[in-house]
Amino acid sequence: MNEKRAFIFAQLGVMCALALALLLLPGAPPTRTLFLLASVWAISRVAYFAISSAGRDIGLWTLLASFALLSLGLIANVSYFTLRCGATSTAPLLLNNDASVAWQVMECILDGGSPDSSITVESRFGYGRFLALAALVVGRDVAALLTVNVLFVLLTIVLAGRIASLVAPAGLERRMSSVTMIMIASVCYFLSSGVILIKDACCCFVMALFLCSILEFRRSSAMRVSLLSACAFLSAAFLAALVRPSLLLFMLMGLSALMAWRARRGLCAGVSAAVLLTCIYCYVVLYTNTTFSPEVALSQRDDMALQTAEGYSDRMYAYTSVAGVYYLYSPFERLLRLPMSLAVQFLTPFPWGFMKHVDFGYSLVYSHIAWPWYAVGGLAVFYFLFGMRRSPRMLCRLSLLGAAMTVSDAFIYGGLVSRYCLPWLPAIVPAAAMTWLSWRRDRKFKIYAVVYVSLLAAALLVCHHILTSAAAADGITAI
C-alpha cells in the first residue's frame with residue numbers, strides 16, 4: 001500500500017513539476033500542453049497494464065521517469081523553438097533540416113496545397129503527411145505534435161518489455177521484461193528522439209509494434225489474439241509506408257525470420273506477398289520519379305564540407321578526410337569497410353561535444369550521454385559471442401534479426417547516420433538483458449568486460465584524435 005501511495009504522489013509531483021516548467025519556460029500553451037502530456041501518460045499507463053509482463057513497480061517507475069524526462073525536454077525545446085528565437089508555437093523556428101521540411105509539408109497540406117519539389121524530394125514528404133494527420137487530432141502547434149513523439153517513445157519502451165517477455169526463457173519473463181525496459185529507457189539517444197520533430201520516434205514505435213505483433217501471433221492460436229496481432233501488424237505497415245517506406249523491407253526480413261512458416265504457411269506467404277508488393281509500389285512511386293543522381297550526392301557532400309568550414313559538421317568532414325566519400329564506393333568496397341562502418345555507427349554520437357547540436361533543441365545535449373548505450377551494446381555483443389547457443393531459439397532469431405538490420409544500415413550508410421539504427425533497439429536490447437540476468441557473474445563475462453572497456457576507451461581516444469586532427473588541419477574547432 002505504501003508503494004502505491006508513493007507512486008501516486010510521484011505522479012502528482014511530476015505533473016506539478018511540468019506545470020512549473022511551463023511557467024518558467026514559456027513557449028508552449030500551458031493548459032493545453034499539460035493536458036496533452038497528462039493524456040500521453042494515461043495512454044502509456046493503460047498500455048503498460050494491458051500488455052506488459054514487467055514487474056508492476058519497476059516497470060511503472062521506469063515509465064514514469066522516462067515520461068518526466070521527455071516532458072521536460074519537450075517544454076525546454078519548445079521554449080527554444082519559439083520565444084528564444086522570436087517565433088510562436090504555431091510558427092516555430094526549426095533549424096533541424098528534417099524537422100523544418102516536415103513542418104513545411106504539413107503546413108502546405110493543411111492549407112489545402114500540395115507539397116512539391118520546391119520543399120524537398122517527394123520521398124521525404126511522408127513524415128510531413130503524418131504530421132498533417134496528427135495535427136487534425138492534437139492541434140497545429142509544435143508542442144502538441146511533439147507530444148505524439150513522446151507517446152511513441154513511451155509505447156516503444158512498453159512494447160520492448162513485452163517483446164522480451166515473449167522470447168525469454170521459462171521463469172525469466174518478468175525479469176527480462178523489466179530489465180529490457182530499464183535498458184532501452186537508458187539509451188539517451190533514443191529518448192532524445194522523442195522531443196525533436198523528426199520521424200525516428202515513429203519508426204522505433206513501428207518496428208516495436210511489428211515485432212510484438214509477429215511474436216504474439218506466433219505464440220497464440222486464439223482468434224482474439226490473432227485478430228489483434230493482425231490489426232497491430234497492419235497499423236505498423238501503414239505507418240511504415242507513410243513515414244519511411246524502406247522499413248517495409250526490414251519488416252519483410254522480420255517476417256522471414258520470426259514467423260511460424262510450417263504451421264501457418266498460407267497466411268505467412270500471403271502477408272509476405274502483400275508486404276513485398278507494398279515495397280515495390282513504394283519504390284516505384286516514391287523513388288523512380290526523383291532527380292537523385294551521383295552528381296546530386298556529390299553536391300550534397302560539398303554542401304556538408306562548406307558547413308564544416310562553419311563548424312557544423314566536423315564529424316562528417318573528419319570521416320570523409322579519412323575514408324573518402326562513402327556514397328561513391330562500390331558494394332565490394334563498402335563490404336571491405338564494413339567493420340569501420342559498424343564501429344562508427346556504434347560509437348556515435350560521441351560522449352563529448354554536448355553543445356554541438358544544441359541549436360536543434362536543448363535536449364540534444366542529452367543525446368551525447370552515450371555511456372548507457374555503450375554498456376547495453378557491450379552486453380549484446382557478449383550475447384552474440386558467447387551466449388547465443390545457450391538461449392531460447394526465438395531470442396536467438398530476434399537477436400540475429402536485429403544484428404542483420406544493424407549491419408544492413410552500416411553497409412548502406414557507412415555508419416554516418418547512426419540514428420537509423422534506433423528502430424532496431426527492441427530486437428537487440430533483449431539479448432543484452434539476457435546477458436545481464438544469466439551470465440554477469442561468470443568469470444568469462446568479467447574477463448570480457450575488462451577487454452571490452454579497454455577496447456572501447458582506445459577506440460574513443462582514436463576517434464577524438466582523428467576529429468581533433470582533421471579540424472586543426474583546416475582551422476576548425478573540434479567539438
Side-chain angles (χ1 to χ4, degrees), residues 1-24 30-75 146-188 190-191 194-195 201 204-205 208-209 212 216 224-225 228 232 366 372 376 425-426 429-430 432-434 436-437:
M1 179 62 83
N2 290 334
E3 292 179 354
K4 290 183 178 179
R5 185 177 299 173
F7 189 75
I8 291 173
F9 283 118
Q11 293 177 90
L12 293 175
V14 168
M15 290 302 169
C16 291
L18 296 182
L20 181 62
L22 284 166
L23 295 177
L24 296 177
T31 305
R32 192 156 175 266
T33 303
L34 190 63
F35 171 77
L36 287 172
L37 288 173
S39 302
V40 164
W41 170 243
I43 294 171
S44 304
R45 184 172 176 177
V46 169
Y48 176 82
F49 282 114
I51 67 173
S52 178
S53 299
R56 293 306 185 194
D57 296 330
I58 297 176
L60 273 178
W61 281 104
T62 301
L63 204 62
L64 181 62
S66 302
F67 168 73
L69 192 59
L70 286 164
S71 301
L72 290 173
L74 181 151
I75 294 169
L146 283 176
T147 60
V148 178
N149 273 4
V150 171
L151 178 62
F152 281 148
V153 169
L154 294 176
L155 292 179
T156 301
I157 294 172
V158 174
L159 289 168
R162 180 58 180 169
I163 290 168
S165 69
L166 292 172
V167 298
L172 280 181
E173 291 88 351
R174 291 188 64 183
R175 294 173 64 194
M176 275 273 288
S177 182
S178 299
V179 172
T180 297
M181 289 183 66
I182 293 171
M183 285 184 172
I184 196 171
S186 71
V187 179
C188 304
F190 162 68
L191 277 191
V195 286
C204 292
F205 171 71
L209 184 62
C212 190
E216 289 279 10
R224 178 175 174 273
V225 175
L228 289 175
Y366 183 64
V376 173
L425 287 177
V429 175
M434 180 72 180
W436 178 256
L437 291 172

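Position 1 is the first residue of the sequence, and the numbers go up from there.
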Distance (rounded to the nearest 0.5 Å) between L22 CG and L72 CG
9.0 Å
Between I58 and S178 the two heavy atoms that sit nearest each other are CG2-CB, 4.0 Å
Could you note down all residue pairs passing salt bridge (Lys or Arg N to Asp or Glu O under 4.0 Å) where residues 154-167 supplies at least one of them, sequence neighbours left out?
R162-E216
Atom pair CG/OG of L172 and S165 - distance to nearest 0.5 Å
11.5 Å
Looking at W436, I'd like to know if its CH2 atom is crowded, meaning that more than 12 non-hydrogen atoms belonging to other residues, nucleotides or ligands lie closer than 6.0 Å.
no
Kindly give the heavy-atom pair with the smallest separation between G161 and S177, and that separation in Å.
O-OG, 2.9 Å
Least distance between heavy atoms, L437 atom then R175 atom
CD2-NH2, 3.6 Å
Ignoring hydrogens and angles, tell me if any N or O in the side chain of E173 forms a donor-acceptor pair with the backbone of G171 under 3.5 Å.
yes
CD1/I51 to CG/L159 distance, rounded to the nearest 0.5 angstrom?
4.5 Å
For A47 and V158 the tightest heavy-atom approach is O-CG1, 4.0 Å
For a 4.5 angstrom cut-off between non-hydrogen side-chain atoms, does F205 reach L151?
no
Please report the interatomic distance CG(L60) to CD(Q11), rounded to the nearest 0.5 Å.
7.5 Å
Would you sort out whether I157 and Y48 count as a side-chain contact (heavy atoms from CB on, under 4.5 Å), showing the intermediate values?
CA-CA 9 Å; I157 294 172; Y48 176 82; over 6 Å; no
With a 4.5 Å limit on heavy-atom distance, are the side chains of C212 and I163 in contact?
yes
Test item: M181 and S66 side chains (from C-beta on) under 4.5 Å apart, heavy atoms
no
Would L154 and V150 satisfy side-chain contact (heavy atoms from CB on, under 4.5 Å), going step by step from the backbone distance to the final call?
CA-CA 6 Å; L154 294 176; V150 171; 4.1 Å; yes
Check A21 against I75 and note the closest heavy-atom contact, atom names and distance.
O-CG2, 3.7 Å
Reference residue S71; test side chain to side chain contact (heavy atoms under 4.5 Å, CB included); the match among L18, L34, V14, T33:
L18
Less than 4.5 Å apart, any side-chain heavy atom of V376 and any of S186?
yes
With F35 via ring pair (Phe, Tyr, Trp, His ring centres under 6.0 Å) - residues at least two apart:
none
Pair S44-F67, side-chain contact (heavy atoms from CB on, under 4.5 Å): steps then yes or no
CA-CA 9 Å; S44 304; F67 168 73; over 6 Å; no
Say you draw a straight line from CH2 of W41 to CG of L70; how long is it, rounded to the nearest 0.5 Å?
11.5 Å
Within the structure provided, determine whether C204 and L425 are in side-chain contact (heavy-atom separation under 4.5 Å).
no
Distance, nearest 0.5 Å, that separates CD1 of I43 from OG1 of T147:
9.0 Å
Nearest heavy-atom contact between G194 and N149 is O-CB, 3.1 Å
